[in-house]
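What follows is one structure encoded as structure tokens, with my remarks underneath.
For clarity, every value in this text was computed on a predicted model and none was experimentally measured. Lettering follows sequence order; numbering is per chain, from 1.
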Number of protein chains: 2
Amino acid sequence: MRETQTAAEARPYHHGDLRRALVDAARRILEAEGPTALSLRAVAREAGVSPAAPYHHFKDKAELLDAVADEGWQILSTGMTKAKADAEPRSKLNAIGIAYVCFARENPALYRVMYDAARDKEALPAQMQDNKDSAYCKVRDTMIELGADPAAATDLELATTAAWCAAHGLAEMAGFKQFDHLKAELGGEVPFLRAVLAHLGLFPHGKPD
Amino acid sequence: MRETQTAAEARPYHHGDLRRALVDAARRILEAEGPTALSLRAVAREAGVSPAAPYHHFKDKAELLDAVADEGWQILSTGMTKAKADAEPRSKLNAIGIAYVCFARENPALYRVMYDAARDKEALPAQMQDNKDSAYCKVRDTMIELGADPAAATDLELATTAAWCAAHGLAEMAGFKQFDHLKAELGGEVPFLRAVLAHLGLFPHGKPD
DNA sequence: AAGATATCTTTACGTCGTCCAGATATCGAT
DNA sequence: ATCGATATCTGGACGACGTAAAGATATCTT
């Protein structure tokens with residue numbers, strides 16, 4: 001390799017890592033102009049390549065969006081991990097839920113891409129359940145720490161699923177203007193989120209805080 | 001010139017009620033081929049008119065989809081009303097929730113159009129809150145019947161919002177394959193839905209059933 | 001009956017996702 | 001180092017899409 005390729009400036013003949021660049025370009029467009037502006041051609045344009053170039057790295061548009069969504073799930077997952085670590089033992093589940101919803105609220109376009117992809121294939125990404133420290137397992141383990149019975153497998157899964165439903169439902173509802181006055185009344189978005197979560201019985205043994 | 005077109009009837013010179021026919025055509029496509037196949041041109045084709053004809057009845061594609069979504073909200077609303085009427089007093093809220101989720105599960109494409117429209121304008125349709133027997137008010141009133149304090153306005157709104165979050169979150173999650181084994185384990189979809197709802201504390205004074 | 005108006009068609013433009021045929025750069029084996 | 005194989009990118013093309021403008025045709029008003 002003769003040309004020193006510094007990250008962003010020098011354009012190699014074969015663009016060092018176009019796959020990466022495309023995902024980044026997609027996220028930039030997503031944040032700047034929203035999901036409706038996210039076309040394959042726009043992504044290629046933003047990355048400075050021809051409209052057909054992405055096809056050497058992704059089977060089709062959906063596969064590109066999958067890569068963007070995957071990054072979203074990873075960011076969400078690390079956010080949940082951090083929130084759990086920073087919280088008092090009895091508040092951990094609550095903190096994870098708040099972190100989940102806050103991610104959705106701060107990255108609405110990305111969150112939508114994530115769930116649009118999931119709805120299209122009628123399945124959440126496998127990584128959310130499979131590995132030991134997936135987001136799903138994180139919630140489930142926290143349930144156990146809060147007093148849920150690890151032996152009651154089905155009930156534990158139901159509780160975890162319920163928590164996920166609550167977080168996702170709240171994440172989407174919080175994006176609708178109808179709830180603005182409630183947010184104002186309670187003094188901000190996070191207090192509103194906490195208040196709604198308090199109404200959803202996610203805590204196996206008593207409420208947090 | 002009288003030519004018979006796609007659906008069932010001879011076409012008048014000026015197509016009696018094209019607006020209605022377009023919404024019906026859209027719903028037919030939606031059910032048969034899913035949301036991705038729902039293009040303005042396809043709807044016009046299905047209704048047997050030219051691609052530009054819909055523009056005399058709708059400002060653009062989004063407005064057509066709004067009309068489809070509106071019909072969805074109405075169907076959902078009457079389903080909730082019926083479910084409430086048919087249930088024992090203490091089970092009414094639960095019954096409404098189940099009716100909500102079942103509608104979403106039985107009409108996944110329509111449900112998606114409804115929420116896609118809402119997400120686009122970042123607001124649920126006004127009809128869901130405004131009039132006295134809107135779906136929102138129905139849930140809220142049921143909360144009161146179950147023992148919630150009508151004077152605690154904010155808390156009542158929060159409880160209603162929480163119920164909506166739970167129902168929507170569950171409706172979407174139930175569409176993902178990840179939960180198939182739980183459904184099987186519990187003996188069907190509705191038992192699964194009931195079991196998850198049982199984990200979400202939506203009942204002001206004690207649990208139903 | 002006649003003009004005004006509403007409804008529908010035709011044609012056209014720009015954008016999109018995707019494919020294909022070349023061009024160009026990198027890599028593997030000699 | 002040379003050279004063919006392979007990976008990567010460009011350019012052009014196709015059909016489908018959303019939409020606008022202008023022309024045709026039916027209904028309404030008077």
If I take atom [atom1] in residue [X] and atom [atom2] in nucleotide [N], what distance separates them, rounded to the nearest angstrom?
X	N	atom1	atom2	value
B:L22	C:dT7	CG	C1'	12 Å
B:Y55	D:dA22	OH	C1'	16 Å
A:R45	D:dT10	CZ	P	14 Å
A:K61	C:dC19	NZ	P	15 Å
B:R41	C:dT15	CZ	P	16 Å
B:E46	D:dA16	CD	P	17 Å

Using a cut-off of strictly less than 4.0 Å, decide whether B:H56 has a side-chain nitrogen or oxygen near OP1 or OP2 of C:dT9.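 Checking C:dT9 against B:H56, no side-chain N or O comes under 4.0 Å of OP1 or OP2.
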When you check the phosphate oxygens OP1 and OP2 of D:dC9, does a side-chain N or O of A:H57 lie under 4.0 Å from one of them?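 Yes.
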Sorted by position of nearest nucleotide on DNA chain C, 5' first, the leading residue of A:S39 and A:K59 is A:S39
Determine the contact category for A:R19: base if any of its heavy atoms lies under 4.0 Å from a base atom, sugar-phosphate if only primed atoms, P, OP1 or OP2 are that close, otherwise nothing. nothing
Looking at D:dT19, C:dT18, C:dC8, which one has an atom nearest to any side-chain atom of B:L40? D:dT19
Answer yes or no: does atom CD of A:E63 have more than 12 heavy-atom neighbours from other residues, nucleotides or ligands under 6.0 Å? yes
Atom CD of A:E31 with >12 non-hydrogen neighbours under 6.0 angstrom: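 No, not enclosed.
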